Amino acid sequence: MNSFEFYNPVKILFGEGKVDEIANEIPEDAVVLITYGGGSIKKNGVYQKVMNALKGFKVVEFGGIEPNPKYEDLMKAVDYARKEQVTFLLAVGGGSVIDGTKFIAAAVPFTGDPWNLLVGGKAFTVENALPIGTVLTLPATGSEMNSGAVVSRKSTQEKYSFGSPLLYPKFSVLDPTFTYSLPETQVANGVIDAFIHVTEQYLTYPDQAHIQDRWSEGVLQTLVELGPQAISNPLNYDVRSNIMWSCTMALNGILSVGVPTDWATHMIGHELTAFFGLDHAITLAIILPSLLRTMRDEKKLKLLQYGKRVWGIETGTDDIRVDKAIEATEKFFQSMGIKTRFADYGITIDQLKPIVERFKQRGWKLGENKTITSDIIEAILKGAL
Ligand code: NZQ
Ligand code: ZN
């Protein structure tokens, strides 16, 4: 196990009705900006519950944050927050609303063009940020309990992540009943996103991190067992609770302490969203199986462990067991109703060339061993046609 520091200050308010307690977590004299997406919170009653809980506060709002939040739209919220002299941000929604709100939090006090927070490197780290709280409505990204955010720019078809300890939410409300209204495809997206957050931190090479391995396997097994039930039995509180907490645990930092991490699937996936607008989880479901096949030698020991402990695969040669583990993974995504090949989305190899070119220009080397070059990315993309 590698040396590490672990810090996560997010207060979790978990359970039905917990939103009623948020007034205790926000300074009395705060000017609160509620941020939300395209309106699902108005249809399912979450908006009204949040407004009731904020009685007595000065509240303004900014809605319409799209999935894969866009810099161009978020800058409108930044202007508005400055004009209204907002002092606290409350994100009510999924990962896109929460990420967008983290960007707003960092951008409001920032001097200069806040896009530099995403692309400017170390010279533009977050030195100040408005405090934020979140009310989660879509278990998936873990953004409610981490300090990262991903923001896209329409004009250049780019999607980048950034982060800072200053962007940890002060609190996050996780009420499983708020997820009852999710469409099936968003439930599937969430389960698959969380599943692949775990594999990015687990399917690397053995590092004598026994407890982290067991935690990861526990989250994966829970998602495999309960993911399909969240779709077939959507109003089951226990199922929704376990899915919600699994998704948060998948990316709140606890699984990655002291172990190597990969993240290549995410980096390639972000480009697919930037170019084709595919949902985040769909990009991952396309890339991961092909990445595992391409990198199977480097990942062999962990793939064998994963096959045995998560899927019960114990017979056959090493090669056969690795094949079976990858196949089980891809089949699981498909069983959740998510298609895993580019052809399913009408995307051809020619359309993927600009992505390979972009990685070539950046010269990035991805993966736990930094061996995934643009040539290997090309092989991974071809393997997913
Ligand atoms: O916009 P509304 O009307 O709210 O509808 C949303 C949206 O259309 C809907 N939805 C959310 N909660 C609902 C609901 N519909 C009915 N009932 C509810 N309770 O779901 C749709 C998708 O929402 P979105 O927030 O885009 O999904 P998700 O949570 O999957 O977030 C995806 C974004 O998070 C980023 C992704 O890249 C993507 O931009 N990620 C953020 C990470 C982080 N901060 O740590 C890590 C992840 O790997 C990921 O990259
Ligand atoms: Zn993700």
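When a ligand or atom number is given, it counts from 1 through the structure's own listing order. Remember, predicted model here, so these are calculated numbers, not experimental data.
Near ligand 1, G37, G38, G39, S40, N44, P67, N68, P69, G94, G95, S96, D99, T137, L138, A140, T141, S143, N146, G148, A149, V150, K159, F178, S181, L182, P183, Q186, D193, H197, L251, H266, H270, H280 each place a heavy atom less than 4.0 angstrom from the ligand.
No side-chain N or O of D262 forms a donor-acceptor pair with one of Y205 less than 3.5 Å apart. N242 and T222 form no side-chain donor-acceptor contact under 3.5 Å, judged by distance and modelled atom types alone. Checked by atom type, the side-chain pair T340/E330 shows a donor-acceptor distance below 3.5 Å. With no hydrogens or angles considered, a side-chain donor-acceptor pair links K42 and Y36 at under 3.5 Å. Judged purely by distance below 3.5 Å, without hydrogens or angles, the side chains of Y47 and E61 pair a donor atom with an acceptor atom. Between the side chains of K102 and N146, at least one donor N or O lies within less than 3.5 Å of an accepting N or O.
At least one donor-acceptor pair under 3.5 Å links the side chain of S96 to the backbone N or O of N68. Using a distance-only test at 3.5 Å, with no hydrogens or angles considered, no donor-acceptor pair links the side chain of S290 to the main chain of I286.
By the criterion of a separation under 2.8 Å, the protein N/O/S atoms near the Zn ion (ligand 2) amount to D193 OD1, H197 NE2, H266 NE2, H280 NE2.
The cationic atom of R240 (NZ for Lys, CZ for Arg) does not lie both less than 6.0 Å from the six-membered ring centre of Y237 and within 45° of the ring axis.
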